[in-house]
Amino acid sequence: MTENTSTNKINSFQKEKNKDEMRKQIITFALMIFFTMIAFFAVGMGISSMFVIPLILILAIVQVGFQFYYFMHMKDKGHEFPALLIFGGIWVTFLVGVTFVTIIWW
Amino acid sequence: MSHDHSLNPKTMPEDPAKATMEGKHKFLGLWFFLGGETVLFACFFGTYLALRNSTAGGPTSQDLFGLDLVFLMTVLLLTSSLTSVYAMYHMKNNDFKKMMLWLGITALLGFGFLALEIYEFAHYISDYGFTFRSSAFGSAFYTLVGFHGGHVVFGLSWLIALMVRNAKRGLNLYNAPKFNTFALYWHFIDVVWVFIFTVVYLMGMVS
Amino acid sequence: MSNAATQKRALSAVLWDYLTTVDHKKVGILYLIGGGFFFLLGGLEALIIRIQLIKPENDFISAGLYNEMITMHGTTMIFLAATPLLFGLMNYIMPLQIGARDVAFPFLNALGFWLFFSGGILLNCSWFLGGAPDAGWTAYAPLSIQSPGHGTDFYVMGLQLSGAGTLMSGINFLVTIVSMRAPGMTYMRMPLFTWTTFVTSVLTLFAFPALTVGLFLLMFDRMFGSAFFDVALGGNSVIWQHLFWIFGHPEVYILILPAFGVFSEILPTFSKKRLFGYSAMVFATFLIAFLGFMVWAHHMFTVGLGPVANSIFAVATMAIAVPTGIKIFNWLFTMWGGSIVINSAMLWALAFIPSFTIGGMTGVMLGSNVADYQYHDSYFVVAHFHYVIVGGVVFALLAACHYWWPKMFGRILHEGMGKLAFWTFFIGFHLTFFIQHFLGLMGMPRRYWVFLENQGLDTGNLISTIGAFFMTFGTLVFLVNIVYTAIKGEKAPADPWDARTLEWTIASPPAFYNFKQLPLVRGLDPLWIEKTEGNGKMTPAEPLDEIHMPNGSILPLIMTVGFFTASFGFIYQTDHKAWLIAVYAGMALAIGCMVIRSLKDDHGFHISKEELEREAD
């Protein structure tokens with residue numbers, strides 16, 4: 001009897017934790033949709049490209065951060081190596097990006 | 001071994017996807033693979049950025065792209081990312097039926113996205129004569145967006161295979177990691193799409 | 001029923017065993033056999049090149065065939081010989097060094113091997129099917145777009161296959177090292193060879209996708225009429241160069257870092273001292289890998305990227321000399337005051353240090369973007385990269401063969417022949433390539449079919465060719481040594497070298513489950529610690545219990561056959577659309593195998609406790 005309740009307790013604690021996590025993820029999702037709408041609006045309104053391109057790029061980066069850290073749990077423990085390699089990939093991406101917009105044309 | 005038995009609340013580990021050695025390996029392996037995929041898409045993006053104005057007199061990005069369709073596609077894919085989070089939430093709570101339900105919704109949204117993409121490509125080809133061979137811009141556009149679409153196709157096939165195979169088995173420590181790795185892969189597809197709609201479509205309409 | 005029939009059956013059983021194996025040791029041996037075969041092939045091509053250049057205006061082979069030779073020599077040596085040979089060593093040794101029973105994904109490991117091997121075979125099929133690729137191993141567009149026939153198509157598909165295999169192995173090694181280390185084996189207790197395997201795998205993971213993309217673009221341009229490199233439709237051929245070198249430069253570190261790892265194992269063992277500056281070595285490895293990703297454009301100084309870009313890449317390139325220098329000095333200090341044993345393995349290691357340093361110094365010279373305008377595409381460059389790749393990687397491979405041969409095959413390579421092979425190869429190597437620095441400085445361009453008389457190039461080229469024959473002789477002696485050792489070689493004990501790391505704590509060759517009980521690691525060089533404390537062997541970290549092992553599978557091979565068939569289809573569908581059937585059939589076969597693999601539960605099997613107890617130690 002006592003044993004049973006204790007497992008239930010752990011379970012309900014676990015459930016509560018999962019629920020809490022889920023709540024955060026829904027907030028994240030709402031923010032992502034919101035950012036997407038801002039980006040599309042900004043482009044649709046025809047604001048000058050000097051302003052709008054940095055804006056939509058920043059919004060994209062923030063969104064991707066949400067995906068990685070919340071949806072894919074990179075903020076959790078045990079993700080040190082995944083994070084290391086994802087950031088490695090992002091670093092190479094940065095190098096490739098800079099290269100292909102600056103020194104591809106002779 | 002305990003692999004094959006369905007999980008019950010008593011044997012339920014905190015995270016069934018990473019409770020076994022195989023599960024941990026799948027989890028790490030997929031993440032590392034995504035690191036490589038990041039570079040793969042970086043190179044496609046780079047190529048696209050270098051060639052996006054090389055239209056060779058053909059249609060330009062401003063001629064082609066429309067906001068509504070891309071917005072719809074984006075919402076579908078973002079939502080499918082959320083539904084797969086829901087599926088993993090129910091996996092952790094050991095609710096197999098609900099997990100399958102949310103995975104099913106994920107698949108439907110994925111198919112919706114794919115249908116719209118096919119429609120979009122068909123539209124460009126038939127209405128603008130804009131193909132893979134029209135110009136360097138065309139080649140780069142279809143290759144980048146097409147590779148992303150190919151990832152969606154692969155992801156959907158994977159998901160359906162998993163769902164069919166495990167429909168009657170319930171959740172166990174052998175298949176939980178498989179669902180979890182799929183979910184990670186699916187989120188990554190969404191990550192790539194966020195950059196595609198930003199860099200290809202939105203920036204293509206601005207400049 | 002005769003003896004011959006049993007033997008035949010035994011042979012087919014062994015063959016079947018190797019075709020279906022997922023054991024990291026057998027996959028490692030397969031890599032060594034495959035890589036060794038392609039190494040000999042590439043060596044033969046090199047010899048033909050040198051014979052063609054033995055005298056002015058020679059016509060040993062035609063100009064077209066010469067182009068095919070240089071292309072295939074480079075491609076074979078980099079992609080099909082050096083990389084797989086190193087991956088074979090990593091496969092065999094790394095799990096033993098960290099005290100693991102297999103790699104994390106045994107199935108993927110086997111698949112990776114078969115993909116590499118089929119890619120190599122596919123590439124070499126081109127010799128018999130209308131001519132090998134002839135656009136140089138770098139396959140620069142637009143030359144590679146214009147190159148007639150199917151040669152370059154074979155290049156594209158062959159490298160795509162083998163590249164996919166390499167990428168899989170990279171991920172596999174990473175997961176293995178992160179999650180399968182024995183109890184007590186912290187990161188900073190890992191042997192240097194394991195560290196370099198780790199860093200190499202990271203580089204593989206980030207570099208090979210760039211090659212994949214480049215090859216896709218080339219494939220689409222050649223086979224499906226896209227316009228990435230077609231200037232008339234707005235394409236740009238510099239994209240290929242960037243993608244190729246974003247892959248290509250890290251690739252040379254993929255080759256040299258494991259070589260550094262090998263020497264960092266051999267030098268302490270035969271100096272009876274722990275590696276000098278262990279943490280500095282680890283740090284330097286990471287630094288080389290990090291910088292190695294930011295220097296690719298030094299291959300493109302003469303493209304015209306502009307002075308700013310050129311200068312940035314020149315500075316980054318020269319910076320790599322710093323961590324490499326740290327390593328060179330650490331090896332020297334490891335030997336300093338040690339009680340040095342000189343045998344074949346040690347000879348290769350000793351020869352490596354000055355040879356590689358010469359290559360490193362010419363590297364810094366080439367890294368200066370201003371001077372590079374003079375050196376570019378001359379024999380100076382050829383001399384430079386052969387000094388680092390032969391003097392670094394090939395020396396490391398031969399050293400590693402002598403060092404780990406007893407562990408892998410249970411017999412010790414013959415010392416006398418080992419030394420003969422070393423001296424002839426070493427002398428031949430310097431004869432061949434040292435003179436090429438001067439040929440280059442005198443203006444001899446690389447990749448040319450002939451050179452003219454009386455331009456001061458005759459003697460140098462003759463000496464270079466003579467050197468190539470010395471190297472050939474050395475290689476042949478090594479082959480004879482392998483055969484001799486297999487038949488009459490001295491049986492090896494578990495620890496023939498009085499060594500320091502975990503692989504020497506188990507039998508030579510190891511049982512298929514490697515460690516009966518996982519060892520408890522108490523520090524760097526775990527075996528040495530136990531020796532100095534008088535235990536002589538490792539303390540087990542777990543009680544004897546049943547061991548879980550993966551099942552063998554033929555699926556990797558069948559899957560590869562599918563991809564191989566599909567590749568042929570892709571190559572020939574430009575001639576006739578009927579070849580698309582091969583594409584579909586091949587892909588169906590490969591995807592079918594994936595589906596089977598995915599849907600069929602494979603829990604592996606267990607070796608029972610009783611069985612383990614029966615086995616002698």
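Note: hydrogens, waters and symmetry copies are ignored here, and every other heavy atom, side chains too, is used. Proteins get letters first, then strands, A, B, ... in listed order; numbering begins at 1 in each.
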For the candidates B/V192, B/L51, B/T198, B/N180, which exhibits the highest count of non-hydrogen atom pairs separated by less than 4.5 Å from chain A?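 Heavy-atom pair counts peak at B/T198.
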
With chain B, which of A/F81, A/F100, A/F71 has the greatest number of heavy-atom pairs at distances under 4.5 Å?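 Most pairs with chain B among the choices: A/F71.
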
Solution key, residues 28-47 of chain B side-chain donor-acceptor pairs under 3.5 Å, sequence neighbours excluded:
unit_1, atom_1, unit_2, atom_2, d
B/E37, OE1, B/H151, NE2, 2.6
B/E37, OE2, B/H151, NE2, 3.3
B/T38, OG1, B/L34, O, 2.7
B/T47, OG1, B/C43, O, 2.7

Mind checking whether [X] and [Y] have side chains closer than 4.5 Å, heavy atoms only?
{"X": "B/M88", "Y": "A/N18", "answer": "no"}
{"X": "B/V75", "Y": "A/T36", "answer": "no"}
{"X": "B/M203", "Y": "A/L57", "answer": "yes"}

Where on [X] is there a heavy atom nearer than 4.5 Å to chain A: the side chain, the backbone, both, or neither?
{"X": "B/K24", "result": "neither"}
{"X": "B/S81", "result": "both"}
{"X": "B/S84", "result": "neither"}

For a quick test of reading the model, state the closest non-hydrogen atom pair linking A/Q25 to B/L82 and the distance between them.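 Minimum heavy-atom contact is O-CD1, 4.1 Å.
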
Checking A/K19 against chain B: side chain, backbone, both or neither under 4.5 Å from a heavy atom?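 The answer is both parts of A/K19.
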
Test side chain to side chain contact (heavy atoms under 4.5 Å, CB included) applied to A/F29 and B/V85, step by step: CA-CA 10 Å; A/F29 175 73; B/V85 168; over 6 Å; no

Run the numbers on B/L78 and A/Q67 for side chain to side chain contact (heavy atoms under 4.5 Å, CB included), then give the verdict. CA-CA 10 Å; B/L78 278 180; A/Q67 282 272 359; 4.0 Å; yes

Proximity of B/H187 and A/Y70 rings by center, below 6.0 Å: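 No, too far apart.
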
Apply side chain to side chain contact (heavy atoms under 4.5 Å, CB included) to residues B/Y201 and A/V43 and explain how you reach the verdict. CA-CA 10 Å; B/Y201 292 101; A/V43 173; over 6 Å; no

